[in-house]
Amino acid sequence: MPGFVQITDTHIVAPGALAYGRSDTAEALRRAVETINAKLPLWEGIACAIVTGDLTDHGTPEEYAHFLSIMDDLALPWCAVPGNHDQRAPMRKAFADAPWMPGEGPVNWVRNFGPFSVIGLDTLLEGAHHGVLCDEGMGFLDSTLSALGDQPAIVATHHPFMHAGIPAMDADNLRNGAAVIARLEAHPGSVRMMSGHVHRAVTGQIGRVTCQISPATCHAVLTDHRARRDPHLVLEPGAVTVHHWLELPRAGLVSDIIPTGLFPGPWPFQD
Ligand SMILES: [Fe+2]
Ligand SMILES: [Fe+2]
């Protein structure tokens, strides 16, 4: 069954540096790439990886080159949308040869997987941590949804609209996400919104729209439900998310969070 792997919030910094002085994000991405490559023979129909933003920590050409040098080893094609830690011009220049990268404007794209399509939307507002889908992006979403007819649609963004219950992160969500949700609710096929940014595995529902945030390959954000607290990073295990389409018991997208790294096993349950 068709599907893809979601990689998010890789936060690559310059070679040899640690993000925030603590997080070896390059090693975390290498571990994610090795994990995906090792498990791909067990997964059926996985066509590509989708990177949902914060590819780099500062958006410099050096960081994008470092990101590419690690992703070169991934045994899948990949596409990406930017996050608040990215910079559109250096990102476009670094990935100018990629078929999904538009020559100008926001980084929006659509990919048809057969039973469903993924619409990548650029929610980066440069200079801000929160996200906004610009007028051009909203127009792209409208025209793409209309062209899909009743095919199920998954919108991929860096910024979630759904709150995670972490006030320090929720303040920087997709500020005009209600308009995205309204459009998805009006779509005749099943709908989902998949995002990153919160560095945690969080799932919820807004109306007809399943909303899902995937964990980062590197550090996590501390789950802290208290108001007026600064966000804190914690070095929890990284993960990627495998999304694949299943026909039973009803057709739909199923998502499996895969911790990155090597673990004991697998062993048969019976000797
Ligand atoms: Fe991030
Ligand atoms: Fe982010």
Side-chain angles (χ1 to χ4, degrees), residues 4 6 8-9 50-55 79-88 91-92 100-102 104-113 116-214 221 241 243 252-253 255:
F4 60 92
Q6 182 182 3
T8 196
D9 292 270
I50 295 177
V51 190
T52 46
D54 285 356
L55 281 61
C79 51
V81 290
N84 52 299
H85 284 265
D86 291 303
Q87 295 281 337
R88 209 173 274 111
M91 180 173 166
R92 188 191 319 282
W100 48 270
M101 177 59 82
E104 59 184 18
V107 183
N108 301 316
W109 44 259
V110 58
R111 181 169 176 136
N112 190 342
F113 288 81
F116 66 93
S117 279
V118 177
I119 307 168
L121 295 179
D122 178 342
T123 58
L124 165 61
L125 178 64
E126 283 181 352
H129 280 302
H130 69 268
V132 170
L133 184 63
C134 66
D135 290 346
E136 190 177 339
M138 209 64 85
F140 181 83
L141 176 60
D142 282 336
S143 59
T144 304
L145 284 174
S146 153
L148 295 186
D150 63 358
Q151 190 191 37
I154 294 133
V155 159
T157 59
H158 177 66
H159 296 88
F161 175 58
M162 175 183 69
H163 283 193
I166 303 172
M169 300 301 292
D170 296 341
D172 290 329
N173 74 339
L174 181 59
R175 292 276 170 88
N176 61 344
V180 174
I181 295 289
R183 282 158 168 80
L184 288 176
E185 285 210 282
H187 184 66
S190 63
V191 280
R192 179 191 286 226
M193 190 166 171
M194 57 177 255
S195 309
H197 186 59
V198 185
H199 293 225
R200 302 212 64 81
V202 183
T203 308
Q205 186 85 13
I206 301 179
R208 284 186 62 230
V209 186
T210 303
C211 297
Q212 171 242 329
I213 299 167
S214 285
V221 171
T241 308
H243 302 271
L253 194 72
S255 306

Over all atoms of both residues, closest heavy-atom pair of H159 and N173: CB-C, 4.1 Å
Look only at the side chain of R200 and the backbone of I213, and say whether a donor-acceptor pair between them is shorter than 3.5 Å. no
With rounding to the nearest 0.5 Å, note down the distance linking CE in M162 to CD in Q205. 10.0 Å
Side chain to side chain contact (heavy atoms under 4.5 Å, CB included) partner of I119, the single match among L184, V81, T144, N108: T144
Measuring only between side-chain heavy atoms, which start at C-beta, is P106 closer than 4.5 Å to L133? no
Using every non-hydrogen atom in the two residues, find where G165 and D170 come nearest and quote the distance to one decimal. N-OD2, 3.0 Å
Residue pair A80 / W109: nearest heavy atoms and the distance that separates them: O-NE1, 2.9 Å
Apply the test side-chain contact (heavy atoms from CB on, under 4.5 Å) to residues V180 and F161: give CA-CA distance (whole Å), side-chain angles for both, the deciding distance (0.1 Å), then the verdict. CA-CA 9 Å; V180 174; F161 175 58; over 6 Å; no
Enter the distance from H130:NE2 to L124:CG here, rounded to the nearest 0.5 Å. 10.5 Å
For R92, check salt bridge (charged side-chain N to carboxylate O under 4.0 Å, His left out) against everything at least two apart and list the hits. none
I'd like to check I154 versus H243 (side-chain heavy atoms, cut-off strictly below 4.5 Å). Are they in contact? no
Taking ring pair (Phe, Tyr, Trp, His ring centres under 6.0 Å) as the test, write out the residues that go with H85, two or more places apart. H11, H129
May I have the step-by-step check of side-chain contact (heavy atoms from CB on, under 4.5 Å) for V155 and R183, ending in yes or no? CA-CA 11 Å; V155 159; R183 282 158 168 80; over 6 Å; no
Taking all non-hydrogen atoms of both residues, which atom of G53 and which atom of D86 are closest, and how far apart? C-OD2, 3.8 Å
Give a yes or no on whether the backbone of A128 and the side-chain of E126 come within a donor-acceptor separation of less than 3.5 Å. no
Donor-acceptor pair, side chain of R111 and main chain of V118, under 3.5 angstrom: no
Can you tell me if S143 uses its side chain to pair, donor with acceptor, with the backbone of G139 under 3.5 Å? yes
Would you please test M138 and N176 for side-chain contact (heavy atoms from CB on, under 4.5 Å) and show each step? CA-CA 10 Å; M138 209 64 85; N176 61 344; 3.5 Å; yes
Any side-chain heavy-atom pair of L55 and P82 under 4.5 Å: no
Result block: side-chain N/O donor-acceptor pairs under 3.5 angstrom for residues 190-198, not counting sequence neighbours:
from: R192; atom 1: NH1; to: Q212; atom 2: OE1; distance (Å): 3.2
from: R192; atom 1: NH1; to: S255; atom 2: OG; distance (Å): 2.8
from: R192; atom 1: NH2; to: L253; atom 2: O; distance (Å): 2.8
from: S195; atom 1: OG; to: T157; atom 2: OG1; distance (Å): 3.0
from: H197; atom 1: ND1; to: N84; atom 2: OD1; distance (Å): 3.1
from: H197; atom 1: ND1; to: H158; atom 2: NE2; distance (Å): 3.0
from: H197; atom 1: NE2; to: D172; atom 2: O; distance (Å): 3.2

Between P188 and R208, the two heavy atoms sitting closest are O-NH2, 4.1 Å
Is there a side-chain contact (heavy atoms from CB on, under 4.5 Å) between V107 and W100? Walk through the geometry before answering. CA-CA 8 Å; V107 183; W100 48 270; 3.9 Å; yes
Starting at CG of D9, measure out to OG of S214 and round the result to the nearest 0.5 Å. 9.5 Å
Are the side chains of R175 and L125 in contact, using a 4.5 Å heavy-atom criterion? no
